[in-house]
Protein chains: 2
Amino acid sequence: MSSRESWAYLSRVVEGPSKHLSELLNKGHAAAEIAEGVRRRESWIGPLLGETESRYSWDRAQEDLEQIAALGGRLITREDAEWPEAAFSQAFGFAASGVSEHLRTYRSDAVEPHALWVRGAPLAPLLAQSVAVVGTRAQSRYGVEVTRQLVAGLVAHQWTVVSGGALGIDTEAHRTALDQGGATVMVAACGLDHSYPARNGALFERIAEQGSVVSEYPPGVTPQRHRFLTRNRLVAAMTGGTVIVEAAWRSGALNTLSWASALGKVAMAVPGPVTSANSLGCHERIRDGRAQLVTGSDDVRELLGALGEVDVAAQYELMYAGTPVQQLSHNELKIFDCLEPDAEVETEVVAAAAGLPLALTVHLLVDLSKRGLVRRSGTSWARGESA
Amino acid sequence: MSSRESWAYLSRVVEGPSKHLSELLNKGHAAAEIAEGVRRRESWIGPLLGETESRYSWDRAQEDLEQIAALGGRLITREDAEWPEAAFSQAFGFAASGVSEHLRTYRSDAVEPHALWVRGAPLAPLLAQSVAVVGTRAQSRYGVEVTRQLVAGLVAHQWTVVSGGALGIDTEAHRTALDQGGATVMVAACGLDHSYPARNGALFERIAEQGSVVSEYPPGVTPQRHRFLTRNRLVAAMTGGTVIVEAAWRSGALNTLSWASALGKVAMAVPGPVTSANSLGCHERIRDGRAQLVTGSDDVRELLGALGEVDVAAQYELMYAGTPVQQLSHNELKIFDCLEPDAEVETEVVAAAAGLPLALTVHLLVDLSKRGLVRRSGTSWARGESA
C-alpha cells in the first residue's frame, strides 16, 4: 500500500477532524504506519482504535484515488507542496490556546484536516491572499448587489474568494469572482463526485477550471448537516478572514463567522437595512463586537492587508473633502457668518455681532482675508471671492 | 435690576457657552453681581471683561423677558427647579476630565449653558428619560422608515425625544413623537422668535404645546453655522444618549454624536445599506468603535436603560427559537442525519455511517429516543415523531 493509498484509506475510515489521528501524525508516525495500525487493530494507535471501530474495514483506497483521478482531481496532504500549511497551522495553533465561546461547543472540531480532495488549481498559492465571503441562502436584491460589489473589488486586487457551495450569497460570490476573471475556491460538505446543490453542477465545473473545488470527504460521502458545520471551519481556516454579507438570526453563515474568530482570523460583517431580517445576524455580531463592520472590499483589504496598504478613512476624506468654509475654526466661523457677500460691515460691528473682542476679531479677519474668504475695504469687511 | 433681568442681560451680552462666566457663577457670585460688573466694566470679572467688550452695552433685559413672555415662554437658569441640573452636571463634569479627540477642537464649548429660553413644558421632568435622535437633512425613504419605527418604540416606553429643528430626520423624529402622543424637545440654534427653517413653524408650535422648544439664545439672535455646532452640544448634553439615523460623510449629525461621546453619553448609530451614501457616516462611526450599533428602540433602551431592563438577544432567541433538530449536538446530529423517517437502520450500520464507536452510538440513540427524535424497533432505529 503506497503512502498516498494510506492517506486515502485514513480519509475514508477516519472522518475528519480527528484529534487522535492528528496527534499520531504530529508524533511523527507515517500515514502508512498508522493505516496499518488501524487495519490490524493494533493497540498502540490508542483512542483511534475506538474511533475507527465501525469503519476500519472500509478499505477502498485504490478505488477512491481512481475515482478522484477520473474527476480530474487528486488527494493532497501535509506532505504536498500545495497544502495550505501556513493558514492551517496559524488557525489551529490559535484554536489550541483559544477560549472563544464557540470552542465550548466545537473544540473537538478545532483540528486540522488530515487530507483534502481537490479538483482545480494548487491550493496554497490560491489561498495566499484569500478571504471567505459567505451568507444566507435566501438572499435579497441588496445582498446580491453588495456581494457583487464586494467580490468584484476583491478580485480587482487579486484576492481569492473562498465560500461554500450553497445557493444564495455563496453562489453569487463564486459567480462574480469567475465573471470578473478572478480565482475562487469552493469547499464542499460532501465527496467531489456529488454536486450539492445539484443545480450548481455547472458552476462547480467552472470553479474547478478557474479556481479549486475542495472537500475533506472522499468520493461518495453524502452532504449531511454536521458536515456543513465541519466544512465551515475549513472555509474559515483557509482564509485570512471571513465576511458575512447577509445572515438571518440562525444563518449557517454565522457559524463560519464564529469559526473565523475561534481560529484567530478576522471576522467581518456587512451591515444592511435594519428593516431586513436578512441583516439581523450581521448587526448582532457587529453590535456584540464579534465582527468588524465592513462596507466593501476596501474595508476588507484594510483589515486583512499589510498595515497602511489601504486607508479607507483617508479615501473618504479625499472623496468628500470639505469646502474652505467647512474647514473654518469655530471663532473664524463666528466672524465669517456675520459678513455678507455684497454689504460691507465695520470692524466694530463685526466684533459685536460675533461676540468676540475687537483685537481677536481684527486678527481673524486679516487671517481670513489672506485665504480669500474675506475682503477688506478700508475699515469694513465683506465675504471674499473664495467664500 | 431683578435677578431674572440680570440673567437675561448676561444671556444677551455673553454668548454661551462662556467658561469665564461659568467660573464666576461657580465661585458663588450672583448673576446680578456679575451683570453689574460687566455693565460697569469692573476689573474683578477678569477675562469676562474682554469677552463682553463689544456687546456689554446691549442692555435689553426687560424687552427680552417681555418678548419671551409674549411668546408664552420664559427664561430659566440653574436657579430654577426645571433646570436639567443632573444631565448637565454629569455631561460637563465628564468633559472637564475628558480627553476625546472632539474636545481638541471644541473644548472651549464644553461648558454648561448659563441660561435657556424655553417655550413649553418644564424641562427637567421631560428630560429625565430622554434620547437624542438626529440625522441628515437629505433623508431617504429608508431613513424616514427607520426614524418612525425608532421614535414610535421610544415613545411607547415613555422616552422623550430630543432633536434639532432641521428638515429631514430631525423633523421626522419630532413629528412621529407628536403623532404618537409622545413628548419631544426641539433645541433651536436661534432666538425663539425665529422659526428656522421657516416651513417648520407649525411643527414648532405643536412641539411647544406637547413638549418644549429650547434655545440658548435670546430673542432676535439669528441662526448661524457656529450656533448649530454649539446647539449640538446641548442636544447631546440634555439626553442619556444620541442616536444618528442617517448621516453622510460630513453630516452635522456626526458633530452631535461626537458631543455625546465627549460628554460621556452613549453614542449610537443605525446601520443601513452600504450602497447608500446616507449611511456612510453611521457605518464609519460604528466601524471605528465610536458609536454602538443599534437597530431599533429596544437596542437603545437596552443601552440607556437600567441593567437587565431590556435584553434584546434574549428577545431574538425567543422570536427565532431553534427547532429540536437545530439544538442537537454535533455527535447527535451525526447519528440523526444517518436515519430516515420510514426506513429502519441497524445499530451497527448507524455507527459506521456516523463514524462513531458503537457504544457511543447506542448511548446517543437511546438519548435521542427519550426526546422523541428517534424511535426504536428491536435493534433498528428510525427518525421519531418529534423530528
Side-chain angles (χ1 to χ4, degrees), chain A residues 13-15 50-51 53-55 58 105-106 108-109 142 145-146 149 224-227 229-230 248-250 270-275 279-280 283-284 286-288 292-296 299 312-313 316 319-320 322 325-326 329-331 333-334 336-338 348 351-352 354-358 361, chain B residues 14-15 50-51 53-55 58 105-106 108-109 142 145-146 149 224-227 229-230 248-250 270-275 279-280 283-284 286-288 292-296 299 313 316 319-320 322 325-326 329-331 333-334 336-338 348 351-352 354-361:
Chain A
V13 304
V14 183
E15 180 163 344
E51 205 175 320
E53 168 185 296
S54 51
R55 284 185 181 171
W58 290 1
T105 310
Y106 294 105
S108 62
D109 277 4
Y142 170 72
E145 188 182 355
V146 169
Q149 286 185 6
Q224 290 184 344
R225 259 168 293 211
H226 69 91
R227 295 201 178 105
L229 297 172
T230 306
W249 183 252
R250 287 191 178 278
V270 179
V274 296
T275 46
S279 292
L280 249 176
H283 293 153
E284 192 62 14
I286 297 168
R287 211 175 77 107
D288 294 354
Q292 307 266 352
L293 182 152
V294 291
T295 61
D299 285 348
V312 173
Y316 282 135
M319 279 166 68
Y320 302 94
V325 173
Q326 284 174 330
S329 77
H330 206 154
N331 278 339
L333 206 52
K334 281 186 181 172
F336 183 81
D337 276 347
C338 297
E348 287 76 10
L356 295 174
L358 192 63
T361 303
Chain B
V14 183
E15 180 163 343
E51 205 175 318
E53 167 185 299
S54 51
R55 284 187 182 170
W58 291 2
T105 310
Y106 294 104
S108 61
D109 277 4
Y142 171 71
E145 189 182 354
V146 169
Q149 286 186 7
Q224 289 183 345
R225 257 168 294 210
H226 69 91
R227 295 202 177 103
L229 297 172
T230 306
W249 185 251
R250 288 192 177 278
V270 179
V274 296
T275 45
S279 291
L280 249 177
H283 293 154
E284 192 61 14
I286 297 167
R287 212 175 75 106
D288 293 353
Q292 306 266 353
L293 183 152
V294 292
T295 61
D299 285 348
Y316 281 135
M319 278 166 68
Y320 302 94
V325 173
Q326 283 175 329
S329 76
H330 206 155
N331 279 339
L333 205 52
K334 282 185 181 173
F336 183 80
D337 276 347
C338 298
E348 287 77 12
L356 295 173
L358 192 61
L360 178 60
T361 303

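Just so it is clear, the structure is predicted and the values come from calculations on it, not from any experiment. Each chain gets a letter, A, B and so on, in the order its sequence line appears, and its residues count up from 1.
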Looking at [options], which has the largest count of heavy-atom pairs under 4.5 Å with chain A?
options                      : answer
B:Ala351, B:Gly272, B:Gly355 : B:Gly272
B:Ala354, B:Ser279, B:Pro271 : B:Pro271
B:Val146, B:Asp109, B:Val14  : B:Asp109
B:Thr230, B:Thr105, B:Leu280 : B:Leu280
B:Glu145, B:Arg250, B:Glu53  : B:Arg250
B:Ile286, B:Leu358, B:Thr275 : B:Thr275

Under the rule for salt bridge (Lys or Arg N to Asp or Glu O under 4.0 Å), what residues qualify as partners of A:Arg55, not counting sequence neighbours?
A:Glu15
Shortest non-hydrogen contact from A:Ala352 to B:Ser54?
CB-O, 3.1 Å
Identify the two heavy atoms, one from B:Leu229 and one from A:Leu333, that lie closest to each other, and give their separation to 0.1 Å.
CD1-CD2, 4.0 Å
Would you please name every residue forming a side-chain contact (heavy atoms from CB on, under 4.5 Å) with B:Gln224, sequence neighbours left out?
A:Asp337, A:Cys338, B:Thr222, B:His226, B:Arg227
Most chain B-contacting option - heavy-atom pairs closer than 4.5 Å, from [options]:
options                      : answer
A:Gln149, A:Glu348, A:Arg287 : A:Arg287
A:Ser108, A:Ser329, A:Pro273 : A:Pro273
A:Trp249, A:Phe336, A:Tyr106 : A:Trp249

A:Asp299 side, atom CG; B:His283 side, atom NE2 - distance, nearest 0.5 Å:
10.0 Å
Less than 4.5 Å to any heavy atom of chain B: does that hold for the side chain of A:Val325, its backbone, both, or neither?
side chain
For B:Ala359, is it the side chain, the backbone, both or neither that has a heavy atom under 4.5 Å from a heavy atom of chain A?
backbone
